[in-house]
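Have a look at the structure below, then the notes.
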Amino acid sequence: GQSLEQPSEVTAVEGAIVQINCTYQTSGFYGLSWYQQHDGGAPTFLSYNALDGLEETGRFSSFLSRSDSYGYLLLQELQMKDSASYFCAVKANQAGTALIFGKGTTLSVSS
Amino acid sequence: SAVISQKPSRDICQRGTSLTIQCQVDSQVTMMFWYRQQPGQSLTLIATANQGSEATYESGFVIDKFPISRPNLTFSTLTVSNMSPEDSSIYLCSGGTGDSYEQYFGPGTRLTVT
């Protein structure tokens with residue numbers, strides 16, 4: 001089967017740093033993406049890793065270790081507006097097919 | 001990037017009826033997908049909408065229940081047929097280009113079946 005595991009909930013305070021981990025077991029692997037979804041909103045793309053290492057985009061960074069089937073999303077200088085659900089997603093086929101999503105991590109940022 | 005619109009945004013339907021959801025993309029995308037999401041849950045892929053041909057369905061989803069059309073590169077419809085309360089969910093359309101690791105999602109259609 002195909003599975004992606006991530007924590008169900010994470011809490012933090014404004015200004016802090018939080019890391020959301022994702023481990024995956026899929027039949028194929030062509031990259032790990034991260035999406036943010038606010039309550040009642042559409043998922044929006046945050047970042048993508050196809051190769052090992054760290055990708056940085058402003059306050060958000062994403063890391064991938066293919067040998068460990070593991071990645072994480074790092075959110076720095078947390079703001080209240082970062083309270084949302086975060087999904088990791090694997091591109092399991094090369095031919096442009098859809099993504100397999102994890103169950104999502106709900107991040108709550110308090111003041 | 002692409003902007004995706006869906007309609008209706010929400011609907012309440014009687015069991016046994018059908019609802020067609022429309023998805024419009026503002027620019028051409030190679031791939032279009034339909035997902036289902038229970039509130040607070042993950043996204044489950046229903047099917048890949050193929051232009052001018054039959055959609056590709058994931059395990060557990062069948063064409064008779066979820067017929068899909070994609071007459072051109074920017075438009076697709078999903079019909080939820082013979083609805084039951086178990087079909088109550090949020091239905092999301094998405095589009096992507098190239099490698100499709102980056103997908104753009106519509107705002108979703110919140111369906112309640114009574």
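Lettering of chains follows the sequences in order, A, B, ..., and the numbering in each one begins at 1. What's counted below: heavy atoms across the whole structure, side chains too, no hydrogens, waters or symmetry copies. Source: prediction; values computed, not measured.
With a threshold of 4.5 angstrom between heavy atoms, A:Ser85 does not approach chain B through any atom at all. Of the atoms belonging to B:Gln37, it is side-chain heavy atoms, and not backbone ones, that fall under 4.5 Å from chain A.
A:Phe87 is linked by a ring pair (Phe, Tyr, Trp, His ring centres under 6.0 Å) to nothing, counting only residues two or more places apart in sequence or in another chain. Qualifying ring pair (Phe, Tyr, Trp, His ring centres under 6.0 Å) partners for B:Phe75, counting only residues two or more places apart in sequence or in other chains: none.
Side-chain contact, B:Thr56 with B:Thr48: no donor N or O sits under 3.5 Å from an acceptor N or O.
The contact list for residues 39-47 of chain B toward chain A, using heavy atoms and a distance under 4.5 Å, reads B:Gln41, B:Ser42, B:Leu43, B:Leu45 by residue number.
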Enumerate donor-acceptor pairs with a distance under 3.5 Å from any side-chain N or O in residues 5-19 of chain A to protein atoms, sequence neighbours excluded.
unit_1: A:Gln6; atom_1: OE1; unit_2: A:Cys88; atom_2: N; d: 3.1
unit_1: A:Gln6; atom_1: OE1; unit_2: A:Gly104; atom_2: N; d: 3.1
unit_1: A:Gln6; atom_1: NE2; unit_2: A:Tyr86; atom_2: O; d: 2.9
unit_1: A:Gln6; atom_1: NE2; unit_2: A:Thr105; atom_2: OG1; d: 3.0
unit_1: A:Gln19; atom_1: NE2; unit_2: A:Asn21; atom_2: OD1; d: 2.8
unit_1: A:Gln19; atom_1: NE2; unit_2: A:Tyr70; atom_2: OH; d: 3.2

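Applying the ring pair (Phe, Tyr, Trp, His ring centres under 6.0 Å) test between B:Phe105 and each of B:Tyr35, B:Phe33, B:Trp34 identifies B:Tyr35 as the sole match.
Counting heavy atoms from C-beta on, the side chains of B:Leu92 and A:Pro43 come closer than 4.5 Å.
Using a 4.0 Å cut-off between charged nitrogen and carboxylate oxygen, B:Asp87 and B:Lys65 count as a salt-bridge pair.
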